[in-house]
Amino acid sequence: MEDKEQIRIGITALMENFWIQKKHKPNEYMLIKKHKNQIQKYYFDNFGYQLFSGIDLFKLEKVPYQAESWMGVQDFKEPIDYSIFIAILAYLEDKAKDDLFLVSTLAEYVKNFFDKDLKVKWEIYKHRLSFYRAVKYAQSMDLIESLEGEIEKYKTNEKEEILYRPTMISKYYMRFFSKPIQHFLNIDEIIYDRWKVPGLEITPRMNLQSLNRRLFFSPVVYKNELTNEEKKYLNHQSFRMVDNIPEFTHLEMEVYRNEIFLISKERNATGEQHPNQKTISDIVLQFSVFIKEKLKVLSDNEFPEFEYIIGRREFDKWVEELQEEFGPGWSKEFRESYSENVAEKVLEYLEDWKFAFNDVQTHSVVLYPPLVRVGGKFPREYIFERYFIKKIKDMSSVADLDYSLPTPIFEEIIKEYNTSESNSPIRLKNAQDVIDKYVVNKNEEFIKLNDAKIIRAIKGAK
């Protein structure tokens, strides 16, 4: 493997993992150790990041440009989870490698840690659950090692004992600050520490670092979010960023009139991606195509350059129409959900990816262009199946089912379908296969409407 590819792997591993431990990722660890100077230079020059080494580990301090709602420990549910976890870190601070301890001892320390600042009572189940989540997370991050007992049993029985041993890497968990955290005046000072110095002139290098911190930690960056200095840098140096990013990562930068974002063309790329394997992602892809067609119907223009605003009720109505058309192909969870629940989850997904904004004050939804940059449909066979079922249902509503469906009429249905779906036309033989394979025996709607003469006619019976 060439050195450049090794450096690329090391850069990617550090970006996509909290830290790289030798015992868990030995190959990546050795690559980073071998090319530490080049990797450290890349991150310092392009992000202003520091690379730290500890006991058989490397950690890149990934500080975002700003705090986002999706950031934080995904397993934590309440603010007190974080407070308890900090208390656990404090407990581990003075521990030696062979200082074994029981979970009950840790629980007592945490309870007394806050004194009067925070009342922690283990008689309250919610507090015990927070302690369980914090300990479980510490264990998953390899800050502590369980020698005897199980944390899952402790969740339901507080008398369950667990014997732990510190791994001695907890001191590398917290970010390294230039001064005690209580001396910072606001969140900006915390984010800028060891990077930007208040009062000093912003250099072009800092603008590059700012843009990269935005790009790599946000699904999309809108140009109206940028400072004037960042906009100026992007206007003059975007071509350099476009060339530089794929040289050292598996990502590529795309620049549009009003937004910039990163994409990956590698199928095995790690990290959170859209689209992904979740059903809600598929629904959003279908909603993207649905929206694009809706806006073409509503006006003569293509999707607006920056945003399109609709009322929340209209948004819910559109999702309801989408469910009526494609719902039978969704997973059971979404197929059987009320349309308003599906709309809520679709909107939550869109907001997480910055594809939309739910304006609760005006009861409206702002849709942004990235929503329609990537869309998807069901396979042609499924779309024809739905189209055919709808046509048969329409015909059955005006005629007795005891009739034959002549082949010419079936061919006319195919012709109408191909006219409406000109990008994915279907031939007679393929249409017959769809009916045989998917409709006749599997589609509940059709089984209710089924008539032997219809099937015989489709197969060519006279």
Strictly distance-based, threshold 3.5 Å: is any side-chain N or O of [X] a donor or acceptor partner for the main-chain N or O of [Y]?
X: Y49; Y: V63; answer: yes
X: H24; Y: I20; answer: no
X: R194; Y: F176; answer: yes
X: S146; Y: G149; answer: yes
X: Q209; Y: F44; answer: yes
X: S364; Y: R312; answer: no

Do [X] and [Y] touch side chain to side chain, with heavy atoms closer than 4.5 Å?
X: L51; Y: K36; answer: yes
X: E321; Y: F290; answer: yes
X: L251; Y: I263; answer: no
X: V372; Y: Y308; answer: no
X: K278; Y: Y349; answer: no
X: Q6; Y: R8; answer: no
X: K231; Y: L234; answer: no
X: F47; Y: L208; answer: no

[X] and [Y]: side chain donor to acceptor below 3.5 Å:
X: Q21; Y: D142; result: yes
X: E254; Y: Y256; result: yes
X: Y132; Y: E152; result: yes
X: Y164; Y: Q139; result: yes
X: T362; Y: D359; result: yes
X: S210; Y: K196; result: yes

Assess the pair [X] and [Y]: is the distance between their ring centroids shorter than 6.0 Å?
X: Y172; Y: F52; answer: no
X: F101; Y: Y91; answer: yes
X: F131; Y: W122; answer: yes
X: H274; Y: F355; answer: yes

Worksheet item: Taking it one step at a time, do E28 and K33 satisfy salt bridge (Lys or Arg N to Asp or Glu O under 4.0 Å)?
Response: CA-CA 9 Å; E28 289 87 342; K33 185 176 181 180; over 6 Å; no
Worksheet item: Per the salt bridge (Lys or Arg N to Asp or Glu O under 4.0 Å) rule, which among R373, K223, K354 passes with E259?
Response: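 Output: one option passes, namely R373.
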Mind checking the [atom1]-[atom2] spacing from [X] to [Y]? Nearest 0.5 Å is all I need.
X: I181; Y: D193; atom1: CD1; atom2: CG; result: 9.5 Å
X: E158; Y: R128; atom1: CD; atom2: CZ; result: 4.5 Å
X: Q74; Y: Y137; atom1: CD; atom2: OH; result: 10.0 Å
X: Y42; Y: N244; atom1: OH; atom2: CG; result: 5.5 Å
X: Y29; Y: K34; atom1: OH; atom2: NZ; result: 15.0 Å
X: Q40; Y: L60; atom1: CD; atom2: CG; result: 9.5 Å

Practice prompt. Step by step, work out the side chain to side chain contact (heavy atoms under 4.5 Å, CB included) result for I151 and Y154.
Written response: CA-CA 5 Å; I151 187 63; Y154 180 82; 4.3 Å; yes
Worksheet item: What orientation do W330 and F334 show, parallel under 30°, tilted 30 to 60°, or perpendicular over 60°?
Response: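 Perpendicular.
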Discussion item. For Y222 and Y368, take the angle between the two ring planes, folded into 0 to 90°, and tell me which bin it lands in: parallel under 30, tilted 30 to 60, perpendicular over 60.
Written reply: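 The arrangement is tilted - the two ring planes meet at 30° to 60°.
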Give every donor-acceptor pair under 3.5 Å between a side-chain atom in residues 102-111 and any protein atom, sequence neighbours left out.
from : atom 1 : to   : atom 2 : distance (Å)
S104 : OG     : E161 : OE1    : 3.4
S104 : OG     : E161 : OE2    : 2.5
E108 : OE2    : N112 : ND2    : 3.4

Practice prompt. Could you go through the side chain to side chain contact (heavy atoms under 4.5 Å, CB included) check for I309 and L367 one step at a time?
Written response: CA-CA 6 Å; I309 303 175; L367 305 176; over 6 Å; no
Practice prompt. Please confirm whether K179 makes a cation-pi placement over F184, using NZ or CZ under 6.0 Å from the six-membered ring centre and within 45° of the ring normal.
Written response: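 Relative to the ring axis of F184, which defines the angle, K179 lies inside both limits.
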Could you report the tightest heavy-atom contact between [X] and [Y], atom names first, then the distance?
X: V242; Y: P246; value: O-CD, 3.0 Å
X: M168; Y: K97; value: SD-N, 3.5 Å
X: P166; Y: L92; value: CB-CD2, 4.2 Å
X: K155; Y: L129; value: CE-CD1, 3.7 Å
X: L14; Y: I32; value: CG-CD1, 3.6 Å
X: I191; Y: R213; value: O-NH1, 4.0 Å

Worksheet item: Would you say E201 has more than 12 foreign heavy atoms packed within less than 6.0 Å of its CD?
Response: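 For E201, atom CD is not crowded (no more than 12 foreign heavy atoms under 6.0 Å).
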Without placing hydrogens or testing angles, list every side-chain donor-acceptor pair under 3.5 Å for residues 78-88, not counting sequence neighbours.
from : atom 1 : to   : atom 2 : distance (Å)
D81  : OD1    : S130 : OG     : 2.6
D81  : OD1    : R133 : NH2    : 3.3
D81  : OD2    : K77  : N      : 2.8
D81  : OD2    : E78  : N      : 3.4
D81  : OD2    : R133 : NE     : 2.7
D81  : OD2    : R133 : NH2    : 3.2
Y82  : OH     : V73  : N      : 3.0

Worksheet entry | Salt bridge E247-K4, side-chain N to carboxylate O under 4.0 Å |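 Yes.
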Item to complete: For the pair E145 and R165, find out whether any cationic side-chain nitrogen is under 4.0 Å from an anionic carboxylate oxygen.
Response: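 Looking at R165 together with E145, the answer is yes, because their closest N to O distance falls below 4.0 Å.
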Worksheet item: Which residue, F315, F326, W318, forms the ring-ring contact (aromatic ring centres under 6.0 Å, His included) with F287?
Response: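 That would be F315.
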Practice prompt. Verify side chain to side chain contact (heavy atoms under 4.5 Å, CB included) between K294 and K292, making sure each step is shown before the conclusion.
Written response: CA-CA 5 Å; K294 272 286 186 183; K292 207 168 185 178; over 6 Å; no
Fill in: Full working for side chain to side chain contact (heavy atoms under 4.5 Å, CB included) between E252 and I245
CA-CA 6 Å; E252 297 180 15; I245 288 174; over 6 Å; no
Item to complete: Report the residues that fulfil side chain to side chain contact (heavy atoms under 4.5 Å, CB included) with P64, sequence neighbours left out, ordered by chain and then residue number.
Response: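 With sequence neighbours excluded, P64 shows a side chain to side chain contact (heavy atoms under 4.5 Å, CB included) to M71, F217, given in chain and number order.
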Practice prompt. Walk me through it: do E333 and K345 pass the test salt bridge (Lys or Arg N to Asp or Glu O under 4.0 Å)?
Written response: CA-CA 12 Å; E333 175 191 357; K345 291 182 179 180; 2.9 Å; yes
